[in-house]
Structures are given as C-alpha cells and as structure tokens.
Amino acid sequence: MGYELIWFKRDLRWQDHAALARASRLGPVRCIYVAEPGLWLQPDAALQHFEFVRESLHSLDAELRRQGGAVEVHVGEMPEVLDRLWQAAPFARLHAHEETGNGWTYARDLRVHAWCRAHGVAWHEYPQFGVVRRLPHRDHWLGAYEAHMAQAQETPGPLRFWRPAPGSASSSEWHGTALSVADLHAPPHLTHNPARRQKGGRELALATLHSFLHGRSLGYRGGMSSPLSAPDACSRLSPYLAWGCISMREVVQQTREHLAQLPGQATRHRAGLLAFLSRLYWHCHFIQKLESEPAIEWRNMHRGYDGLREDTFNPALFAALTEGRTGWPMVDACVAMLRDTGWLNFRMRAMLVSVAAYPLWLHWRPVGEWLARQFLDYEPGIHWSQLQMQSGTTGINATRVYNPIKQAQDHDPHGRFVRAWLPAMRRVPDEWLFEPWLMPPMVQDQLGLRVGSDIALPVVDLKEATKAAKQGLYERRYSAEVKAGKQAVVDKHASRKNWRMDGELKGKPRRSGPAAKAAKAVTSAAAKKQMGFDF
Ligand SMILES: Cc1cc2nc3c(=O)[nH]c(=O)nc-3n(C[C@H](O)[C@H](O)[C@H](O)COP(=O)(O)OP(=O)(O)OC[C@H]3O[C@@H](n4cnc5c(N)ncnc54)[C@H](O)[C@@H]3O)c2cc1C
C-alpha cells in the first residue's frame, strides 16, 4: 500500500544515503526536495547556498533519471507540502536523515513530527554523520563515531520508483504542482552569490576528493595555514560535506583505504592524510555540540560569560569589519576573498572572529550570522561552536587572540595575498606593508595614495583595544561563577583525548614517483577548473 517518501535535505546524493537505501527495501520510492520559504528567510541563509543546492539537485536528479526516476522539487512549508502529497496519494512512511540544523529547522522538525503523528505516518530518521541523537554522555561518543565510520555504506540497490495512476489526482500533482528542478528560482530576498565560488554536485565532490587524496594532500600540513597556499592545499570538501553531495563515511573510508595503500616511504603524504582525518573527526565532534545543546546557536556555551559583550555592540565597527575596511590589510583582504569566493581557510576564519571578538569587542551572534552567509560551507554545528570558541565564551578552550599584523608577517610575508585582494596595497612599498598607516604623509603624496581614504585607517588602536578586551575576558574567566560552571561544560562538550586517527605508519618523504606526479597533475589549472574553483 502506498509508497515510501524520501525527503532530501542537506544530503543531496544517492550513494551512502541511508534514507533512500532503507526505504527502497520496503517499497517503491518517491524522492522529494522541499524549498521552504521560511528556511531561506533565516538570517543565516544566502543565495550562494541556494544556488549550490540547485546545482546539487541537478546532479542528483540526473542520477535518479538514469535509474528511471527523478527528484521532485516542491515549494512550500513542509507540513503543507506533506498535506498536498498525502491528499493526492497517501504514502506509507516518511524517510529522512537526521539534521543538526538551526533553530528554525529544529522547530520545523517538531511540526513534521506532529503532522506524522496526526496522520499515523511513521517518520524514520537516520544518522548521516558520526553525530548521536540523545547522546547519554560524551564518554560514549567516540565509540559511536568509530562505529558509524566503520559500517558498510548504505548504497541502495536497483530502485523502484513510485508512479501515480494515470488520470489520478496524484498524477496531476506529478505533472502540475510538482516542480522540476529547473523551475526552482531563488527567492528575491536572498543576497550574496560570490563570483568564484565552488559549484555544487556529486561529480565535483568526487573530483575534489580524488585530487586531494592523490596529490594535493601532499601539501596539506605545510600549506593549510597561509591563505596563499590553503586554497590548493586544503581538501576543499567542506561545501560538499555541508550539503551532502558526498557522505562523511565515504570520505573517511576512502582516506583510510588510500592511507593503507601508500608506500612505506610516503611519510609526507601520510602525515597530510592523518591530519586530514583528524579534521574529519572534528567535523562530527563540533556538530555533536549543537546536537546536544541546540541553544548554543544563540547563547553562550558557558552562561558565566552572559552579559560580557551584549550591551556594547558597536554597529560602526561591525560595518567596518563586514565591509572590509578595518584598516588591517590581512583582515580586509580576507573579507574581500571571502566575498568573492565563499571560502577561507581555518586560520583566517579564526583570525576574523578573533579580531571581531577582541579588538572590536563584537558579540559573536551577529558576526556569526554575517559569516554564515559568507561561507558556502555553512554548517551550523561547526559554525556556532567555532564562533564561541574563537570568542572565548565556551569556558573550556584556551583563549586564542590572533594579532592580524603578526598573521600577515607569518602567512603573507611578501604581501602577495593582501596585494592580490586589495588593489591599493599594490602601491604600498614593502617597508609599510604590515602597517601602512605609519607611512609618512610625504611618501603617501609621492605614491599618490592617501591612508584614510584609499586605504582605511585602523578603526581602533590594536594594542590598547586588545589589552582592554583580554582584561574584560580574564575578569570573567577567573571569577568564581565561571570556574564553578566549567566542569559541566567539560562533561557535556569537551573532546576525550584518547582518540587516535589511525595506526602509526613510518617512512620517508617521497619526492618523486607516481604520488609526486599525481600531485603535480591535480594542481594544474585544468584540474582546478574541473573541481569548480580557480583561485
Ligand atoms: C569561525 C569559524 C567558523 C567555521 N565555520 C564552518 C562552517 O560553517 N562549516 C564548515 O564546514 N567548517 C567551518 N569551519 C571550520 C573550517 O574552517 C572549515 O571546515 C575549513 O576551512 C573548510 O575547508 P576544507 O574543506 O578545505 O578543510 P580541510 O582542512 O580540508 O578539512 C576537511 C574537512 O574537515 C572538517 N573540518 C576542518 N577543519 C575543521 C574544524 N576546525 N572544525 C570542524 N570541522 C573541521 C570540514 O568538514 C572540512 O571540510 C569554521 C571555522 C571557524 C574558525
């Protein structure tokens, strides 16, 4: 009786898709994606996310069409869409992956549960990451993560697709109100679509993983921190993981297999892949925090930090940050790159948040909303945990205050990055590269450049503002209230340190041979273009 309804959300793939695989064993399947206007109105939603989803849906639809089906795209709030589908042709069960999303998706899922209860429909939800719903204690998490990553992939066999009876009401649903992927237009209120962002779709996800495993990972450890080398050296898998074009388990398993096949002397390559595996583990570790405590999207993880920055928010400083005119070239160049590409490496993301949280003394929530729209790979669980961690409100992490001048000296010593993204900096001599505001007026005249108009002046005195910020934070940190609340945060959220990524493997760096050749091949311009990024 009926059919199995598969609801695609941030899992836009066919392979290793538990909802599709399990449902297909029960009966004919009907695959839907629902473009929910309420979701796309949220302050963390951006046009670039929507476009990436659209591209990924095209890729998923093409695959399902090869198998004789399709993905139907419906527009509307989920309970209304369920109503429409149900009235036209009742379904047996609803299947979807568990989602650790924002407060809006949490509330929407409660409404979907209520709808299912009212209609006597079972809703089956399946984990897609190493994230555990209703985790009893953090001590149990690592085992669950490992078990998930070790399990066989949930790849469906040949699919049987549901078809409406010709002439039935559901048949008009299929051809009429059910939209094709091509009909899905971006609602007009969404802003920002970077010119050079990565493009969505399963094929690009696989090409990106392949080029990383077979070559680019050789430069991972040495290249991940500088914004000059990171675009190539990092895996660039984040948007594909965030929107589910590839599963985390596929990435972990392929990486482990690749590691096992590396020759003994490939130590550099091995070190890169081990470091990468540790980031994959962090992905789930961070999402687990939001899963276990959804409120950290809005409120401090450690409540002892409440009131620290809420009442002092300075809109002019926030505008300077978001418009890339703080006056610190490294910060402003990062904002320019982010606006153009939708991506920044970890170190530069951390620096942006640190500058926002300390010298600019901005609360993490508006900064996080802005960055969520800038990051193509916006993943709520990682994002809000990192925002709080870099702003010093978790109560369990060391305070990290990144000095943007030192970051430039360390990661862009010759100014290639800042000059690439800030055209005015091209005229600034090396001597004043890190602190252009110190250029004497006579030199500015000779260069035809004015600090304060062509190049922004620092919006605050970095040294003084950072000192005041640290003082404000430390006063809280060492207060009796904060000390007393720390253990509860540790129990709930801290990582348990005894985790190992893989066996220890020994050998010497490989400078020639097939691995080095592969590395060269995949960093070529053509390979980068194929992966959908060219910077
Ligand atoms: C303030 C801030 C906000 C962030 N917001 C996001 C976000 O919304 N979405 C997101 O995917 N990452 C986020 N990160 C983490 C990290 O910066 C990105 O995952 C990484 O830069 C993506 O590029 P990549 O895929 O090439 O990373 P790689 O270095 O190749 O790492 C591979 C994968 O591991 C995971 N990962 C890497 N670093 C981290 C980390 N520090 N914490 C958790 N998981 C990690 C990601 O899934 C990433 O795709 C944030 C970091 C900071 C400091």
Side-chain angles (χ1 to χ4, degrees), residues 10 44-46 48-49 52 100-102 128-131 145 197-198 205 208-209 211-213 216-217 219-227 229-252 254-255 272-290 297 334 337-338 341-357 362 364-365 367-394 397 400 402 407 495 501 531 533 535:
R10 294 176 69 124
D44 53 2
Q48 61 167 332
H49 303 147
F52 192 91
T100 309
N102 59 15
Q128 69 161 338
F129 295 128
V131 174
Y145 171 88
R197 67 170 169 81
Q198 289 170 270
T208 305
L209 176 61
S211 71
F212 182 71
L213 291 184
R216 291 187 295 117
S217 49
Y220 186 61
R221 287 229 313 184
M224 68 169 83
S225 297
S226 165
S229 47
D232 260 357
C234 291
S235 74
R236 309 303 304 279
L237 281 167
S238 53
Y240 301 109
L241 288 167
W243 300 101
C245 304
I246 193 166
S247 80
M248 177 53 87
R249 183 161 44 205
E250 287 180 275
V251 177
V252 169
Q254 280 201 38
T255 307
L273 292 182
L274 287 172
F276 173 62
L277 276 175
S278 72
R279 269 60 179 190
L280 299 179
Y281 155 83
W282 290 353
H283 167 283
C284 298
H285 163 74
F286 279 104
I287 296 179
Q288 184 65 53
K289 293 175 196 251
L290 186 66
E297 185 190 345
C334 282
M337 173 173 164
L338 192 50
T341 67
W343 187 85
L344 263 186
N345 59 323
F346 172 80
R347 174 64 69 101
M348 293 301 117
R349 293 184 196 207
M351 180 194 70
L352 279 189
V353 175
S354 169
V355 163
L362 296 169
W364 52 265
R365 176 69 201 178
V367 174
E369 285 179 353
W370 163 63
L371 286 176
R373 294 191 297 271
Q374 303 296 310
F375 294 153
L376 179 62
D377 57 28
Y378 171 53
E379 175 62 65
I382 303 177
H383 192 70
W384 295 112
S385 307
Q386 282 288 351
L387 254 295
Q388 293 222 34
M389 195 165 132
Q390 307 301 339
S391 303
T393 54
T394 64
N397 301 106
R400 293 190 181 96
Y402 293 92
Q407 290 302 310
S495 83
M501 291 165 279
M531 291 185 295
F533 58 90
F535 54 94

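Start at 1 and go down the list; that is how both ligands and their atoms are numbered.
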When you measure from the side chain of [X] to the backbone of [Y], do you find a donor-acceptor pair of N or O atoms at a distance under 3.5 Å?
X	Y	result
Arg10	Ala242	yes
Ser217	Tyr220	no
Arg349	Leu344	yes
Ser278	Ala275	yes
Gln198	Arg236	yes
Arg221	Phe276	no
Arg216	Thr208	yes

Have a look at ligand 1 and work out which part of [X], if any, has a heavy atom under 4.0 Å from it: side chain, backbone, both or neither.
X	result
Leu241	side chain
Phe375	side chain
Leu344	backbone
Phe212	neither

Practice problem: Take the angle between the ring planes of Trp243 and His49 and call it parallel below 30°, perpendicular above 60°, tilted in between. | Solution: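 Rings of Trp243 and His49: tilted, 30 to 60°.
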Exercise. Mark yes or no: Arg197 above the aromatic ring of Phe52, with NZ or CZ under 6.0 Å from the six-membered ring centre and no more than 45 degrees from the axis.
Key: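 No, a cation-pi geometry is absent between Arg197 and Phe52.
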Quiz item: Does His383 reach the side chain of Glu297, with side-chain heavy atoms less than 4.5 Å apart?
Solution: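 No, side chains not in contact.
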Exercise. Work out which heavy atom in Met224 is nearest to a heavy atom in Arg279; give both atom names and the distance.
Key: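 Shortest heavy-atom separation between Met224 and Arg279 comes out as SD-NH2, 3.4 Å.
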Any atoms of ligand 1 less than 4.0 Å from a non-hydrogen atom of [X]? List them with their elements.
X	answer
Val353	1 (C)
Leu387	1 (C)
Asp377	7 (C), 8 (O), 9 (N), 10 (C), 11 (O), 22 (C)
Leu280	33 (C), 34 (O)
Ala350	53 (C)
Tyr220	28 (P), 29 (O), 30 (O), 31 (O)

What protein heavy atom sits nearest [atom], and how far away is it?
atom	result
atom 39 (C) of ligand 1	Trp282 CE3, 4.1 Å
atom 47 (O) of ligand 1	His283 CD2, 3.2 Å
atom 25 (O) of ligand 1	Ser238 N, 3.0 Å
atom 5 (N) of ligand 1	His383 ND1, 3.2 Å
atom 23 (O) of ligand 1	Trp343 NE1, 3.0 Å
atom 12 (N) of ligand 1	Ile382 CG2, 3.7 Å
atom 27 (O) of ligand 1	Ser235 OG, 4.1 Å
atom 8 (O) of ligand 1	Glu379 N, 2.9 Å

Nearest-option assignment for [atom], heavy atoms, candidates [options]:
atom	options	value
atom 18 (C) of ligand 1	Arg349, Arg279, Gln390	Arg349
atom 24 (P) of ligand 1	Arg400, Arg216, Arg236	Arg236
atom 53 (C) of ligand 1	Phe276, Trp384, Phe346	Phe346

Exercise. For Thr100, enumerate each residue passing the side chain to side chain donor-acceptor pair (under 3.5 Å) test, keeping only those at least two apart in sequence or located in another chain.
Key: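 Checked Thr100 against side chain to side chain donor-acceptor pair (under 3.5 Å); matches are Glu291.
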Quiz item: At a 4.0 Å cut-off, with the gap strictly under it, does some heavy atom of Ala242 reach an atom of ligand 1?
Solution: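 It does not, in that no heavy atom of Ala242 comes within the 4.0 Å cut-off of ligand 1.
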Practice problem: Give yes if a backbone or side-chain nitrogen or oxygen of Leu237 is under 3.5 Å from a nitrogen or oxygen of ligand 1, and no if not. | Solution: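 Yes, since at least one N or O of Leu237 sits under 3.5 Å from an N or O of ligand 1.
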Self-check item: Name of the residue among Phe129, Trp282, Tyr281 meeting ring pair (Phe, Tyr, Trp, His ring centres under 6.0 Å) with Tyr145
Solution: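 Of the listed options, the one satisfying the test is Tyr281.
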Quiz item: How many angstroms lie between OG1 in Thr341 and CZ in Phe375, if you round to the nearest 0.5 Å?
Solution: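 CZ of Phe375 is found 10.0 Å from OG1 of Thr341.
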